[in-house]
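All of these numbers come straight from a predicted model, not from anything done at the bench. Letters A, B, ... mirror the listed sequences (proteins, then strands); counts begin at 1. Just so it is clear, the values below take in all heavy atoms, side chains as well, and ignore hydrogens, waters and symmetry mates.
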There are 2 protein chains.
Amino acid sequence: RAAMSYPENSVGARMDFEMISVREDIRLEAVLKYLHRFENLPDHTDQLFVVGLKGQFVGVLPVSLILVHESFVTVSDLVQTDILTLNPLDNAEDAAHAFERYDLVSAPVVDEAGRLVGRLTVNDVLDVIQEGNNEDVLASVGLSDEQDIFGNVWETAKSRWLWLGVNLCTAFFASRVVNAFDGTIERVVALAALMPVVAGMAGNSGNQTLTLLVRSLAMGQVTNSNEEDLIYKEVWISVINGIVWGAISGLFVWLLYWDSPYGKTLGFVMFLAMFLNFVLGAVVGLAVPLLLKRFGRDPALGGSVLLTFSTDSGGFLIFLGLATLFFPSA
Amino acid sequence: RAAMSYPENSVGARMDFEMISVREDIRLEAVLKYLHRFENLPDHTDQLFVVGLKGQFVGVLPVSLILVHESFVTVSDLVQTDILTLNPLDNAEDAAHAFERYDLVSAPVVDEAGRLVGRLTVNDVLDVIQEGNNEDVLASVGLSDEQDIFGNVWETAKSRWLWLGVNLCTAFFASRVVNAFDGTIERVVALAALMPVVAGMAGNSGNQTLTLLVRSLAMGQVTNSNEEDLIYKEVWISVINGIVWGAISGLFVWLLYWDSPYGKTLGFVMFLAMFLNFVLGAVVGLAVPLLLKRFGRDPALGGSVLLTFSTDSGGFLIFLGLATLFFPSA
């Protein structure tokens, strides 16, 4: 049939044609006589599809209703019309969410002209969900879901270049930030050893915020009314954790550089920079998915690249900037 | 009933008790008479459960077979015994995979004594799959799936400490590696600006390998026979991409430090260090999940922390070590 001509992520590409349809004007007796001609019914036949005299789709007849009713009842007395019907061009992931919400086993697919063209089953929905999850995870490191783990080495290597190229640009940008402070680093070489700690810790904390928000958005837990609460809460968490981990790091730096003349100041710069970078990480981790959502894009898209870019470049800038203030050139 | 007393991720905790059971020695006529007493059947009743004279579980009777057979047929003639039965203590995620594999709508849950204690439906399975995916994603940044996005700020902040603490330790370890080369950095301060590029790029490349392998393991695409091919392929990809991106970075560094006396050597050190760190990233990204799998642990566990630790500390060591060789103190 025509399944191949529908777009890849549409209901039409996923539906099957193993539906049994019956006319609405017949009795269950006739339905059973029709069913007795089958060896067995197709998998996932939890309902029959009811069509009118002109072939138009009317509704569904759950098999459970056939089983609990006497055979003289007419199909039109049992037909359920207040049900989910899908269009072949509907997005398959949206359809999957509807299956979860309404606990469906199968659903009719009906075209614009009101004709039954196929059915989607929970079995197809499981595939859609698994593939979708797989895609999200792979996309988060710049891999496509078409990665063949045993395919051609050269092709696979090339397929990873876009992601690596983007990351090279952000890494070199961060590198130029550090370079701008080469005078300060020459004076206090310990800064070179400590700056990746500031960047890395805030990156980790920001990633927690980002990941939580992206998941919550995907699960529909974030609404316009509670969005502000969530932002407020995550910023406060970053303030608390920035102070806690900034203080731990600062004290640790003070101990590490105990015998150096600038140990105490270095510890304080560490504390302040880490605190500020934690807050920056939270702000970026919140802003990227929320802005993407507002513009109708996938909130999961590219968040981690932008976050790492911010906490790296921003972290280096804050840490080395503060150090330049606190360790002025003689 | 007893659902609450089973462990959290067990089939017992997920099953429901809305199953209809029939005796094996009766005719379909009697089955239908019994079903006619219902207003409707429970959701997801794709099969009835057949029990013997002593109450022991015998098998299932798909409702589709009731519909296609005449009413004088006996249940024992239609009962299917070669089916998946679950134990209440089975792992719910394993059961979910069985549902996917065999396209099930419901499955009987039978205890050690052979008694039917409940049923699992595809609806429960969808929940298990979604929660499992959610858990994996959150766990990858050290969050538990019990995160309440609108819960207490202080409690939530504390729940993130373990992850941040572990990352602080690895970050300070990497910092000590850099510190060991402070003499070299003092001589060539550009090294401080470039070392995060080496660490970050190999971390990204290693994360691609790690993520792909973890997903492939989860989807059952990796077997003992093809494991070696996969390792071989990913190492080759890291060699190719290490050369490509090492060369691009090396040339870029040469250009950036064109007017410096050590620009050319610095570019070469960059190339060599990035190449070696790419290979290190691939080895760690492969080794961590494969070793975890061999020891029967979850291959997704903690991989990214160990990877970042290796590509950071290892990257700094390789880059600054090479630089010390190429830029000896006068």
Residues 171-180 of chain B, side-chain donor-acceptor partners within the protein, below 3.5 Å, at least two apart:
{"from": "Ser175(B)", "atom 1": "OG", "to": "Ala193(A)", "atom 2": "O", "distance (Å)": "2.9"}
{"from": "Asn179(B)", "atom 1": "OD1", "to": "Tyr257(A)", "atom 2": "OH", "distance (Å)": "3.0"}

Measuring from [X]:[atom1] to [Y]:[atom2], what's the distance to the nearest 0.5 Å?
X         : Y         : atom1 : atom2 : value
Asn40(A)  : Leu65(B)  : CG    : CG    : 4.5 Å
His36(B)  : Glu70(A)  : NE2   : CD    : 4.5 Å
Met274(A) : Leu168(B) : CE    : CG    : 6.0 Å
Ile240(B) : Trp154(A) : CD1   : CH2   : 6.0 Å
Glu186(B) : Glu186(A) : CD    : CD    : 8.5 Å
Leu191(A) : Asp182(B) : CG    : CG    : 12.0 Å

With respect to chain A, which residue among [options] yields the maximal number of heavy-atom pairs within a distance under 4.5 Å?
options                                  : answer
Val244(B), Leu104(B), Val214(B)          : Val244(B)
Val141(B), Leu41(B), Val68(B)            : Val68(B)
Gly165(B), Pro62(B), Ala190(B), Ala96(B) : Gly165(B)
Asp312(B), Val253(B), Leu256(B)          : Leu256(B)

Completion exercise
Those residues at least two apart in sequence (or on a different chain) that pass side chain to side chain donor-acceptor pair (under 3.5 Å) with Gln47(A) are Ser106(A)
Interface moiety of [X] toward chain A, non-hydrogen atoms closer than 4.5 Å:
X         : result
Leu210(B) : neither
Glu39(B)  : backbone
Val197(B) : both
Asp103(B) : both

Might you point out which heavy atoms bring [X] and [Y] nearest each other, and give the distance in Å?
X         : Y         : value
Val153(B) : Lys233(A) : CG2-CG, 3.7 Å
Arg215(A) : Leu138(B) : CG-CD2, 4.1 Å
Gln130(B) : Asn133(A) : OE1-ND2, 3.7 Å
Met195(B) : Pro196(A) : CE-CG, 4.0 Å

Practice task
May I have the step-by-step check of side-chain contact (heavy atoms from CB on, under 4.5 Å) for Asp46(B) and Asp46(A), ending in yes or no?
Solution key: CA-CA 7 Å; Asp46(B) 66 321; Asp46(A) 67 321; over 6 Å; no
Practice task
Answer yes or no: is there a side-chain heavy-atom contact under 4.5 Å between Asp136(B) and Val137(A)?
Solution key: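 The answer is no; the side chains never approach within 4.5 Å.
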Practice task
Walk me through it: do Leu164(B) and Phe278(A) pass the test side-chain contact (heavy atoms from CB on, under 4.5 Å)?
Solution key: CA-CA 11 Å; Leu164(B) 293 172; Phe278(A) 261 67; 4.2 Å; yes
Practice task
Indicate whether any N or O donor in one side chain lies under 3.5 Å from an N or O acceptor in the other, for Arg160(B) and Asn241(A).
Solution key: no
